[in-house]
Amino acid sequence: MEQYKEPEYNITWPEDRVFPQFRYPEELLVVDLRGTDFSNDYRHLVLTSLQGLVNRESPRIYIIYTDLDEDWLKTLRKYTKIKMQHVSMDVILEKFSNYARGYIAYDPRLPDTVNIATTMAGLYNCIVVHPKDISWVESYGLKKVYDLKGKFKNRYEAYLWAYENLWPKCDHRLLVPMCPGPPIEQRIMQVAVRDYVVALKLFVHYLDPKDPMERDLFIRLLRDMPPNTAVLGWYGEDELLTVHLASCYNKFVVVMTHHYGPLSFPNPTVWSGITVSSEPKFKLPPIRGKLLGGKKIYVTFYITDGDNLQFDYSFKKFWDDPNRGKIPIAWTISPFLVDVAPFIAWYYVSTASENDTFISGPSGAGYWYPCSNPNYVETQLKVTKRYFLRTELKFTEILGYNDDAASRYMKMLDLIAIKMEYDELRREYFTMHNYICAKYLIEYPIPVIFGVYHYSGKSADKLVEEITALKDLDRRPVFALVISQPGDFSVGGLAKLKEVVDRLAKITDIAFINFHEFSTLLNPKYGYMILSNLLGKIKSPERQKRVKEELSLAEDLMKKHLWKDAALHINNAFQHVDVTIEDKNEAKPSNTSDTV
């Protein structure tokens, strides 16, 4: 073993970023862990903690846990010139063991000590080891620095000790909940993201907010963190309580370590360094005038959960589906993807179709509930505004919605529309709004759009029946937003949804339009601006005249703040438009290959 070499801290983390930037990798040594029994083989702890130490200096280690990780690697190889070499864990240890001062052994009889050991590894430049792997790492010359065996009586005592002795030395800008595995939960421990914890010297815990003592300690951590910083997940299924508590203490949640499994989000110490030539912007899809206007039934689809970075990573499975682009879908996404994985953000943006619209997940830049802490709204929106300006996002979902908070979103952000709440609302709400799935605040023309139907592969026929029934309505136009969660595509995938669209397309005057078009018709001020800019491109004088007449009526109604009535005239005006407006935005990965 070579002499210990303290890893350099070559990470950029300015105050205006929630997540840091690592160096751009020149070469990646790839270790394939597919086929590993993670419930019995714990050598991954050695690898991920060493990955954090090495990649802190410069990203050089990439780990494949699943086929998706290899798929992303192939995409990276296609678009960049980063060199890649497949190696074994032993090669990594032989090459980089001198980056570690030694090892910290955790106590499997108290599983939460793996989280204590991970925190210590980042602070003291060590690797984490299961006791049965000690002889393996010692064969590479690594010595014991700390052994947690028998040190704590219970998990609370362990986390309290860590709070008192380790937390003061950690970076407080991110807080990381990580499942330590059985018996706390009947799933394997959180494997991915431990490299990120070690590299950034973060604090790991798995405190239960329903337990009074553990909740108190969790709140102490939240209080100690600076405002507008992030918690990267939650305990068990305690999503609502965790997000509520984070919101109460002026923090938000950005999920990296929970719902999409213990093997996701992998390799953030690599992805955070792979930048693009100019930062990716979530461009708007085109407005296709020929699809709009008249007494139509407008339908568009919406997939939730994009605030979760694990979903943003995994929805490549949706994105590469040959049916994606044939159906108008609004994809929720995290604005923080441009920090944590700019190349992945670029890939989605650069391959988006005219039917794909990007929406910020709830509730802007960060998952939080405005209703939990009204006093936090303007402080939080400073972060959201900064990231929306960077990414050019024009839509956001709000959970924990209330009108007062929504009005402040409208005032502080450049929005075209707001999506209200997670699931579809009760059908009576749709009827009450005359089959237009939007409400308006008095001061602003920005529509607050809500879902009215739900799509699932298991109940596709029901959706066909519900939307078919709309053809008998005398009241037109109709605007219907269809909500889905990612799990709703477990049966049939996007192909099943495409079948539904093809069946419904036989209805007279039904129009499947993208969410940008949908919102343009519902936002009279924005629609007015679009149409005013199009007037010179409309060749027919008669058509121009008709558009101007409708715009004049819309303008008069907007002066009275009669937003929905004005929007109906915007829809009427589009009957006379057959022009397409496109939003062009080009960016390339840094160090790109000739294929870009």
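Below, all heavy atoms of this structure are taken into account, side chains as well, without hydrogens, waters or symmetry copies. The residues of the chain are indexed from 1 along the displayed sequence.
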Report summary line: With sequence neighbours left out, the residues meeting salt bridge (charged side-chain N to carboxylate O under 4.0 Å, His left out) with Asp356 are Arg324

Query raised in the report: Partners of Asp112 by salt bridge (charged side-chain N to carboxylate O under 4.0 Å, His left out), sequence neighbours excluded?
Result: Arg155

Report summary line: In short, salt bridge (charged side-chain N to carboxylate O under 4.0 Å, His left out) pairs touching residues 244-255 with sequence neighbours left out are none

Requested in this report: State which residues pass side-chain hydrogen bond (donor to acceptor under 3.5 Å, both in side chains) with Asp90; sequence neighbours excluded, sorted by chain then number.
Outcome: Trp136, Tyr140

Requested in this report: Check the angle between the aromatic planes of Trp271 and Phe343 and answer parallel, tilted or perpendicular using the 30° and 60° thresholds.
Outcome: parallel

Report task. With sequence neighbours excluded, give me every salt bridge (charged side-chain N to carboxylate O under 4.0 Å, His left out) pair touching residues 168-185. Result -> Asp171-Arg173, Glu185-Arg187

Report task. Using modelled atom types only, decide if a donor and an acceptor are shared between the side chain of Asn55 and the backbone of Ile61 within a distance under 3.5 Å. Result -> yes

Requested in this report: Using a cut-off of 6.0 Å, state whether more than 12 heavy atoms not belonging to Lys151 lie near its atom NZ.
Outcome: yes

Requested in this report: Give the C-alpha distance, both sets of side-chain angles, the deciding distance and a yes or no for side chain to side chain donor-acceptor pair (under 3.5 Å) between Tyr103 and Glu138.
Outcome: CA-CA 9 Å; Tyr103 65 84; Glu138 285 186 343; 2.7 Å; yes

Requested in this report: List the steps, then state whether side chain to side chain donor-acceptor pair (under 3.5 Å) holds for Tyr62 with Asp69.
Outcome: CA-CA 9 Å; Tyr62 182 98; Asp69 307 331; 5.1 Å; no

**Report entry** Neighbour count above 12 (heavy atom, 6.0 Å) for Glu157 CD
**Finding:** yes

Report task. Test ring pair (Phe, Tyr, Trp, His ring centres under 6.0 Å) on Tyr348 and Trp331 and set out the steps. Result -> CA-CA 10 Å; Tyr348 292 142; Trp331 305 89; 8.4 Å; no

Requested in this report: Dump the intermediate steps for ring pair (Phe, Tyr, Trp, His ring centres under 6.0 Å) on Phe395 and Tyr302, then the final yes or no.
Outcome: CA-CA 12 Å; Phe395 308 97; Tyr302 186 102; 9.7 Å; no

Report summary line: Hits for side-chain hydrogen bond (donor to acceptor under 3.5 Å, both in side chains) against Lys210, two or more places apart or cross-chain, chain-then-number order -> Asp238

Requested in this report: Describe, in one word, how the ring planes of Trp72 and Tyr347 are oriented to each other, choosing from parallel (under 30°), tilted (30 to 60°) and perpendicular (over 60°).
Outcome: perpendicular

Report task. Begin with the C-alpha distance, continue with both residues' side-chain angles, and end with the deciding distance and a verdict on salt bridge (Lys or Arg N to Asp or Glu O under 4.0 Å) for Lys316 and Asp71. Result -> CA-CA 9 Å; Lys316 191 175 194 291; Asp71 188 22; 3.1 Å; yes

Query raised in the report: Are the side chains of Leu33 and Val191 in touch, meaning some heavy atoms are under 4.5 Å apart?
Result: no

Report summary line: Residues passing the side chain to side chain contact (heavy atoms under 4.5 Å, CB included) test with Pro20, sequence neighbours excluded, are Ile11, Trp13, Phe22, Tyr196, Leu200

Query raised in the report: For Asp423, which residues count as a side-chain hydrogen bond (donor to acceptor under 3.5 Å, both in side chains) partner, sequence neighbours excluded?
Result: Gln485

Requested in this report: Assess whether atom NZ of Lys143 is packed by more than 12 heavy atoms of other residues, nucleotides or ligands within 6.0 Å.
Outcome: no

Query raised in the report: Would Leu175 and Trp167 count as a side chain to side chain contact (heavy atoms under 4.5 Å, CB included) if you check the C-alpha gap in whole Å, the side-chain angles of each, and the deciding distance to 0.1 Å?
Result: CA-CA 10 Å; Leu175 181 63; Trp167 175 243; 4.2 Å; yes

Query raised in the report: Should we count NZ of Lys5 as having more than 12 external heavy atoms under 6.0 Å?
Result: yes

Query raised in the report: Is there side-chain contact between Arg101 and Leu53, with at least one heavy-atom pair below 4.5 Å?
Result: no

Requested in this report: Return the minimal non-hydrogen interatomic distance between Ser314 and Leu68, and the atom names on each side.
Outcome: CA-CD2, 3.5 Å

Requested in this report: Step through the shown structure and confirm whether more than 12 heavy atoms of other residues, nucleotides or ligands are within 6.0 Å of NZ on Lys385.
Outcome: no

Query raised in the report: Taking only residues two or more places apart in sequence, or in another chain, which ones meet Asp312 in a side chain to side chain contact (heavy atoms under 4.5 Å, CB included)?
Result: Leu309, Phe315, Ile333, Ser334, Leu337

Requested in this report: Heavy atoms only: give me the nearest Pro370-Val377 pair and the separation to one decimal.
Outcome: CB-CG2, 4.3 Å

**Report entry** Residues Arg17, Asp339: salt bridge by 4.0 Å N-O rule
**Finding:** yes

Requested in this report: With sequence neighbours excluded, tell me which residues meet salt bridge (charged side-chain N to carboxylate O under 4.0 Å, His left out) with Asp147.
Outcome: none

Query raised in the report: For Gln380, which residues count as a side-chain hydrogen bond (donor to acceptor under 3.5 Å, both in side chains) partner, sequence neighbours excluded?
Result: Trp368, Thr384

Report task. State which residues pass salt bridge (charged side-chain N to carboxylate O under 4.0 Å, His left out) with Arg23; sequence neighbours excluded, sorted by chain then number. Result -> none

